[in-house]
Amino acid sequence: MECRVLSVQSHVVRGYVGNKSATFPLQVLGFEVDSINSVQFSNHTGYAHWKGQVLTAEELNVLYEGIKLNEVNHYDYILTGYSRDTSFLEVVVDIIQELKKANPSLVYVCDPVMGDQGAMYVPENLLPVYRDKVVPLADILTPNQFEAELLTGRKINTESDAFEIMDLLHKMGPETVVLTSTDLPSKHGDQFLVALGSQKTVKPDGTNTSQKICMDIPKVDAVFVGTGDLFAAMLLAWTHHHPKDLKAACEKTVSVMHHVIKRTITYANEMAGPGKRPSPAQLELRMVQSKADIENPAIVVEAKVLEKS
C-alpha cells in the first residue's frame, strides 16, 4: 500500500535542513513525498551568507489549488516544520483541515519550531496560532523542552513536570508527544541528553492505553542544523512501522540520528584538520552516506519504559 506524505518545510540549495533533511530519508524508507518549500534559500542561515526567497501564504494557496484541481490531494501523512509567518501558518491549518476531512485517518506530524534554550527565534505572534490552531490538529508532536513550556505555559524542572506537560499537550490534541531534548539531568552523567515520550491511544473497544518512555542520548560537541527536521521525519516513518509501540519507534529514530551525526562529526573533523573547529559547510549532515543506517539502523540507544497501561 503506497504511503504519501505532504511535507511543508524550508528548502536549501546546498546542505540539509527542512525538506532536504526529511525527503531523502522518507523516500529511502518507502514513502512518496510531496514537498512544498516554505522558503528557498542558498543554504541554511548558520553560514556567513545566505540568499533566497520566501513563499507567501498566497503562493502556498496557489500551489495547493493546483494539487486540488488535479484531484491528487489525498495524503496519509502531513509533516510541518519551521514557519515564521502567521498568515502562512493559518493557510497550512486550512490545508490540514481540508485534507483530514478528505481522509479522516490522515496522521499529522508537527514539529512546532519556535525556539530553544529559553529564546524564541520566530515572531511571538506565532505562539497563539500553534497553541490554539495547529497543535489541536496534530497527531504526533515533537517539541523541545522550551517549545513544550511555551505551548502549555508551564515550566519543566523535574521528570514529573515533563510528563504533566505532556499530558496537557495530549489534552490539546496529539496522542503522541516526544520531547526531543530536555535540560533534565541524565542518570548517565552530563555527557547525555534526556528525551521523553508519551503515547496515549484509544483501542477499538474504547479503552485507553498509554506508554511513557525515557531515553538517554549521547551528546556531541558541535552544532548541527537539520537534525530536528530529520528527527520528525524519522519519527513519522518509524511510528508508521510501529504504530502502537513508541519505544521501538523512538529507539529507531534516535539510533538513525546517532549514526548520521557520528558520521557527520567524523567527516567534519577530518576535513577541518587537527585542532580546528569545523565550518558550517563541513558540518552538513552526511545524509546520502548514511542510507544503509536510515534503512536499517543498528539500535544504539535503548528507551526505558517508565509506565505502561
Side-chain angles (χ1 to χ4, degrees), residues 4-13 15-23 26 33-46 50-70 72-73 75 77-103 106-116 119-144 146-148 150-151 169 172-174 225-226 228-233 236:
R4 193 170 283 271
V5 181
L6 177 64
S7 180
V8 185
Q9 299 192 62
S10 41
H11 170 79
V12 287
V13 176
Y16 291 93
V17 68
N19 273 331
K20 283 282 290 285
S21 255
T23 306
L26 283 169
V33 184
D34 293 2
S35 310
I36 292 180
N37 299 326
S38 54
V39 303
Q40 172 171 263
F41 287 166
S42 51
N43 43 266
H44 72 69
T45 56
W50 51 276
K51 302 275 185 197
Q53 300 82 33
V54 176
L55 193 73
T56 64
E58 186 45 46
E59 290 163 336
L60 169 60
N61 239 332
V62 168
L63 285 176
Y64 179 64
E65 205 52 42
I67 293 168
K68 218 162 79 175
L69 286 169
N70 290 309
V72 288
N73 57 336
Y75 291 97
Y77 284 90
I78 298 177
L79 176 62
T80 65
Y82 178 77
S83 175
R84 59 164 300 111
D85 176 82
T86 50
S87 58
F88 188 89
L89 200 51
E90 302 260 9
V91 174
V92 171
V93 166
D94 292 342
I95 290 171
I96 294 166
Q97 284 174 325
E98 195 167 302
L99 292 173
K100 280 198 160 202
K101 229 175 250 158
N103 176 19
L106 180 145
V107 173
Y108 171 31
V109 180
C110 171
D111 185 4
V113 180
M114 288 184 282
D116 204 357
M120 282 185 84
Y121 40 63
V122 300
E124 285 183 15
N125 60 356
L126 255 73
L127 173 57
V129 183
Y130 269 116
R131 187 188 56 224
D132 305 335
K133 296 184 176 175
V134 179
V135 173
L137 288 171
D139 300 284
I140 298 174
L141 193 70
T142 61
N144 57 33
F146 178 59
E147 289 156 349
L150 282 176
L151 289 167
L169 291 168
M172 290 162 76
V225 178
D229 309 317
L230 175 61
F231 188 100
L236 183 162

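Side chains are part of it too, since the values below use all heavy atoms of this structure and drop only hydrogens, waters and symmetry mates.
Atom OH of Tyr121 and atom CE of Met114 lie 9.5 Å apart (nearest 0.5 Å). Atom CG in Leu79 sits 9.5 Å away from atom OG in Ser35 (nearest 0.5 Å). Going from atom CD of Gln53 over to atom CD of Glu59 covers 9.5 Å, rounded to the nearest 0.5 Å. Atom CD1 of residue Ile67 and atom CG of residue Asn70 lie 9.0 Å apart, to the nearest 0.5 angstrom. Taking CD of Glu65 as the start and CG of Asn73 as the end, the distance is 9.5 Å to the nearest 0.5 Å. Of the inter-residue distances, the one linking Asn125 atom CG with Arg84 atom CZ reads 9.5 Å to the nearest 0.5 angstrom.
The shortest heavy-atom contact between Ser7 and Val33 is CB-CG1, 4.2 Å. In terms of heavy atoms, Leu236 sits closest to Tyr77 at CG-CD2, 3.6 Å. Summarising the geometry of Asp139 relative to Leu106, their closest heavy-atom pair is OD2-O, 3.6 Å, with the distance given to 0.1 Å. When every heavy atom of Asn37 is checked against every heavy atom of Asn19, the shortest pair comes out as OD1-ND2, 3.0 Å. Annotation for Ala232 and Val109: closest pair O-CG1, 3.9 Å, computed over non-hydrogen atoms. Taking both residues in full, the closest heavy atoms of Gly81 and Val113 are given as C-CG2, 4.0 Å, listed atom of the first, atom of the second, then distance.
Between the side chain of Asn61 and the main chain of Val91, no donor-acceptor pair closer than 3.5 Å is present.
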message = Checking Leu137 against Val93 for the side-chain contact (heavy atoms from CB on, under 4.5 Å) test, could you report, in this order, the C-alpha distance in whole Å, the side-chain angles of both residues, the deciding distance, and whether it holds?
response = CA-CA 8 Å; Leu137 288 171; Val93 166; 3.8 Å; yes

inquiry  = Is there a side-chain contact (heavy atoms from CB on, under 4.5 Å) between Phe41 and His11? Walk through the geometry before answering.
reply    = CA-CA 6 Å; Phe41 287 166; His11 170 79; over 6 Å; no

inquiry  = The test is side-chain contact (heavy atoms from CB on, under 4.5 Å); show your working for Tyr16 and Leu230 and say whether it passes.
reply    = CA-CA 9 Å; Tyr16 291 93; Leu230 175 61; over 6 Å; no

message = Assess the residue pair Tyr64 and Val92 against the criterion (side-chain contact (heavy atoms from CB on, under 4.5 Å)); give the C-alpha distance rounded to whole Å, side-chain angles, the decisive distance to 0.1 Å, and a yes or no.
response = CA-CA 10 Å; Tyr64 179 64; Val92 171; over 6 Å; no

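Residues Gln9 and Lys20 have side chains not in contact (no heavy-atom distance under 4.5 Å, counting atoms from C-beta outward). At least one side-chain heavy atom of Leu150 sits less than 4.5 Å from a side-chain heavy atom of Met120. In this structure the side chain of Ser38 never reaches within 4.5 angstrom of the side chain of Ser83, judged on heavy atoms. In this structure the side chain of Thr56 never reaches within 4.5 angstrom of the side chain of Phe88, judged on heavy atoms. The shortest distance between side-chain heavy atoms of Phe231 and Ser21 does not fall below 4.5 Å. Between Leu89 and Leu126, some side-chain heavy-atom pair lies under the 4.5 Å cut-off. Proximity of Leu169 to Leu141: side-chain heavy atoms (C-beta onward) are separated by under 4.5 Å at one or more points. Put simply, the side chain of Leu99 reaches to within 4.5 Å of the side chain of Ile78, judged on heavy atoms.
For residues 87-99, the salt bridge (Lys or Arg N to Asp or Glu O under 4.0 Å) pairs, not counting sequence neighbours, are Lys68-Glu98, Glu90-Lys133.
Checking each of Val122, Thr86, Leu151 against Leu127 for a side chain to side chain contact (heavy atoms under 4.5 Å, CB included) leaves exactly one that passes, namely Leu151. If you run side chain to side chain contact (heavy atoms under 4.5 Å, CB included) between Tyr75 and each of Asp34, Val5, Ile95, only Asp34 comes through.
Under 3.5 Å, the side chains of Asp229 and Tyr82 contain no donor-acceptor pair of N or O atoms.
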